[in-house]
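Quick notes on the structure that follows.
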Amino acid sequence: MKLSVRMLAVAAVLATAACAPQTSGNSSSDKDEKTGTLRVWLFQEVNNQPKEQVVDSVLAEFEQEHEGTEVTVEYIPVETRAQRIKAAFNDPSSAPDLIEYGNTDTAGYVKDGGLADVTEDFGAWDEAKDTDPTARQSVTVGGKVYGVPYFVGVRALYYRTDVFEELGLDVPKTQAELISTAKEIRAVKPELYGLAVGGAYTYGAMPFIWAHGGELATGNGGSYAAAIDSAAARKGIEAYTSLFGDDNCPAAKCAAMTGNDTITAFAAGKAAMAIGGDFSHAAVEAGKVKGAYAVVPLPGLKAGSIAPAFAGGNNLGVLKSTTHRTLAVDLMKRLASKEAQGQLFEAMGFLPTFSDVRQQVAAKEAFVKPFVETLAADTKFVPASPAWAQIDAGAVLPTMFQEVVSGKKDVATASADAAKKMNDAFGSVG
């Protein structure tokens, strides 16, 4: 069988995303063809080649075992996923059969009617019994399963050991020390960002908000109210946005930076510190700083504490509109199998969603330790509401950060405006 893997040009994706229509619902296909072409969309990573190699090996075996079947893969930017995937829900004729999606998107995609219910398939999958509870929860809405966990991820503090040794610096033990250390490095080495930060790096900013006692929203059971404008949340926003400036990471360059951008800067030797995930390990190892960095949990407000981290990760899901449901479910399980997740860890540093596999890799690789420690601390999640996809796609929080760092609004005004947008989104979904 011929293995066909296609890479989308970023420009083409952005052009398509810009004109994507709004979702108007979706319906199940009445076809379940056992041959033909399966289309898969996966996320583009900072250093994507190792991921491609793992995926290619799975696809090669899949195609060999399914005569007359071919798989094409498109790697799409995470930042434009919302527009692209919602457009696919709206146009089943051009939609993929299987997608990778962020665990924050589950509720919204289910509400949009785009994901297939795979509860029975998941229950019949022998490996599913070892999926950790948090990961399983990330694919569950209303008691039904809409995909399989692909990997889990949390963020920690990457720092340049050579820079710290040269300047005689101690590793920050509190967020206050983190901020002051970043600025100290920048003062001595103006060619470096002390700590690479991004105005569009929502998940890098959240630990600052949570460490100060703030929340994104309050509520449960699908009913939420924004809390981003609370006094505690504002303290966290102030702490994070204080890192944007000529004394650390100039707003003109850093306001638009994403999480991937900050890791790219660190890996290229342009930053002394960065907040990166276990999933960033491969990109950093492939960069100029290989052998000259270490990772520790991101510190909280008190010495010895760990800042609450976003319990992230990605899932794989079959689209309800697929005309190859059986094949798509089979491929989904293969891509997310214990073997494939173990290979993804080796290639990318992605933490497996299976408890037993995670224990195995943690015993083998020292770099996993700070991330496992962070997972064991106070991890948090975004509101489990379909509105989150709307809030995320609307860049509500990045806009808030960017308004502050650009000087257009103060923290109180920007957070109040963000809270209003969030409440509008929560209200729109009931």
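Every value quoted in this text rests on a predicted model; they were computed, and no experiment measured them. Note that these values count all heavy atoms, side chains included, but never hydrogens, waters or copies made by symmetry.
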Given 3.5 Å as the limit, does a donor-acceptor pair link the side chain of [X] with the main chain of [Y], or not?
{"X": "N314", "Y": "E100", "answer": "no"}
{"X": "T322", "Y": "L319", "answer": "no"}
{"X": "E74", "Y": "L42", "answer": "no"}
{"X": "Q402", "Y": "A255", "answer": "yes"}
{"X": "E177", "Y": "K173", "answer": "yes"}
{"X": "D112", "Y": "G114", "answer": "no"}
{"X": "N423", "Y": "A225", "answer": "no"}

>> Suppose we screen for side chain to side chain contact (heavy atoms under 4.5 Å, CB included). Which residues come up paired with Q49, at least two apart in sequence or across chains?
In response: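 Applying side chain to side chain contact (heavy atoms under 4.5 Å, CB included) to Q49 gives N47, Q53.
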>> Test of understanding: with side chain to side chain contact (heavy atoms under 4.5 Å, CB included), list the residues that count as partners of A294, not counting sequence neighbours.
In response: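 Residues passing side chain to side chain contact (heavy atoms under 4.5 Å, CB included) with A294: Y159, T161.
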Name each donor-acceptor pair under 3.5 Å that joins a side chain in residues 328-338 to protein atoms two or more places apart or in another chain, with its distance.
| from | atom 1 | to | atom 2 | distance (Å) |
| --- | --- | --- | --- | --- |
| D330 | OD1 | R334 | NE | 3.2 |
| D330 | OD2 | H66 | NE2 | 2.7 |
| D330 | OD2 | R334 | NE | 3.2 |
| K333 | NZ | D121 | O | 3.2 |
| R334 | NH2 | E65 | OE1 | 2.7 |
| S337 | OG | R334 | O | 3.0 |
| S337 | OG | A340 | N | 3.1 |
| K338 | NZ | D130 | OD2 | 2.4 |
| K338 | NZ | D356 | OD2 | 2.7 |

>> Run K51 and F43 through side chain to side chain contact (heavy atoms under 4.5 Å, CB included) and show every step you take.
In response: CA-CA 10 Å; K51 180 177 182 179; F43 289 156; 4.0 Å; yes
>> If you apply the rule side chain to side chain contact (heavy atoms under 4.5 Å, CB included), what do you find for F371 with H281, and how did you get there?
In response: CA-CA 11 Å; F371 300 105; H281 179 254; 5.9 Å; no
>> Out of the candidates T181, I179, N248, only one should pair with L195 under the side-chain contact (heavy atoms from CB on, under 4.5 Å) rule; please name it.
In response: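 When side-chain contact (heavy atoms from CB on, under 4.5 Å) is applied between L195 and each of T181, I179, N248, only N248 qualifies.
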> Should T258 and D261 be marked as a side-chain hydrogen bond (donor to acceptor under 3.5 Å, both in side chains) after you check the CA-CA gap, both sets of side-chain angles, and the distance that decides it?
Replying inline: CA-CA 5 Å; T258 65; D261 292 332; 3.2 Å; yes
> What do the steps show when you test F164 against I185 for side chain to side chain contact (heavy atoms under 4.5 Å, CB included), and what is the final call?
Replying inline: CA-CA 9 Å; F164 274 67; I185 293 170; 3.9 Å; yes
Please identify each residue that fulfils side chain to side chain donor-acceptor pair (under 3.5 Å) with [X], with sequence neighbours left out.
{"X": "K420", "answer": "D424"}
{"X": "K364", "answer": "E346"}
{"X": "Q341", "answer": "T353"}

>> Heavy-atom count check: over 12 atoms from other residues, nucleotides or ligands less than 6.0 Å from K129 NZ?
In response: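 Above 12, so yes.
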> Is atom NZ of K34 surrounded by more than 12 heavy atoms (other residues, nucleotides or ligands) closer than 6.0 Å?
Replying inline: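 Yes, the 6.0 Å shell around NZ holds more than 12 heavy atoms from other groups.
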Distance (rounded to the nearest 0.5 Å) between [X] [atom1] and [Y] [atom2]:
{"X": "F244", "Y": "M257", "atom1": "CZ", "atom2": "CE", "answer": "8.0 Å"}
{"X": "C254", "Y": "L243", "atom1": "SG", "atom2": "CG", "answer": "10.0 Å"}
{"X": "T69", "Y": "L327", "atom1": "OG1", "atom2": "CG", "answer": "5.0 Å"}
{"X": "E373", "Y": "I306", "atom1": "CD", "atom2": "CD1", "answer": "5.5 Å"}
{"X": "L59", "Y": "E52", "atom1": "CG", "atom2": "CD", "answer": "11.0 Å"}
{"X": "T262", "Y": "N260", "atom1": "OG1", "atom2": "CG", "answer": "7.5 Å"}

[X]: salt bridge (charged side-chain N to carboxylate O under 4.0 Å, His left out) partners, not counting sequence neighbours:
{"X": "K380", "answer": "E215"}
{"X": "E127", "answer": "none"}
{"X": "D97", "answer": "none"}

> side chain to side chain contact (heavy atoms under 4.5 Å, CB included) between N48 and M348: does it pass, once the steps are laid out?
Replying inline: CA-CA 9 Å; N48 207 57; M348 302 293 296; 5.8 Å; no
Name each donor-acceptor pair under 3.5 Å that joins a side chain in residues 136-148 to protein atoms two or more places apart or in another chain, with its distance.
| from | atom 1 | to | atom 2 | distance (Å) |
| --- | --- | --- | --- | --- |
| S138 | OG | A135 | O | 2.5 |
| S138 | OG | N315 | OD1 | 3.3 |
| T140 | OG1 | R136 | O | 2.8 |

Side chains of [X] and [Y], heavy atoms from C-beta outward: is any pair under 4.5 Å?
{"X": "V429", "Y": "K111", "result": "yes"}
{"X": "K270", "Y": "T264", "result": "no"}
{"X": "E365", "Y": "F345", "result": "yes"}

Is it the case that the side chains of [Y] and [X] hold a donor-acceptor pair, with the cut-off being a distance below 3.5 Å and no angle test?
{"X": "T35", "Y": "E67", "answer": "no"}
{"X": "E285", "Y": "Y293", "answer": "yes"}
{"X": "D91", "Y": "S94", "answer": "yes"}
{"X": "S355", "Y": "D132", "answer": "no"}

> For the residue pair W210 and F310, does the interplanar ring angle fall in the parallel (under 30°), tilted (30 to 60°) or perpendicular (over 60°) class?
Replying inline: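 Correct class here is parallel.
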Taking all non-hydrogen atoms of both residues into account, name the closest pair between [X] and [Y] and its distance.
{"X": "P207", "Y": "L298", "answer": "CB-CD2, 3.5 Å"}
{"X": "L98", "Y": "G317", "answer": "CD1-O, 3.2 Å"}
{"X": "A226", "Y": "F426", "answer": "N-CE1, 3.9 Å"}
{"X": "A227", "Y": "T218", "answer": "CB-CG2, 4.1 Å"}
{"X": "H324", "Y": "T37", "answer": "CE1-O, 3.7 Å"}
{"X": "F367", "Y": "P370", "answer": "O-CD, 3.3 Å"}

>> Filter on salt bridge (Lys or Arg N to Asp or Glu O under 4.0 Å), then keep only pairs touching residues 147-163, sequence neighbours left out; what's left?
In response: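 Of all non-adjacent pairs touching residues 147-163, those that pass salt bridge (Lys or Arg N to Asp or Glu O under 4.0 Å) are R160-D162.
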> For the rings on F89 and Y109, is their centre-to-centre separation under 6.0 Å?
Replying inline: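 For F89 and Y109, the ring centres are under 6.0 Å apart.
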Side-chain donor-acceptor distances from residues 271-280 under 3.5 Å, at least two apart:
| from | atom 1 | to | atom 2 | distance (Å) |
| --- | --- | --- | --- | --- |
| D278 | OD1 | V154 | N | 3.0 |
| D278 | OD2 | L351 | N | 3.2 |
| S280 | OG | G277 | N | 3.0 |
| S280 | OG | G277 | O | 3.4 |

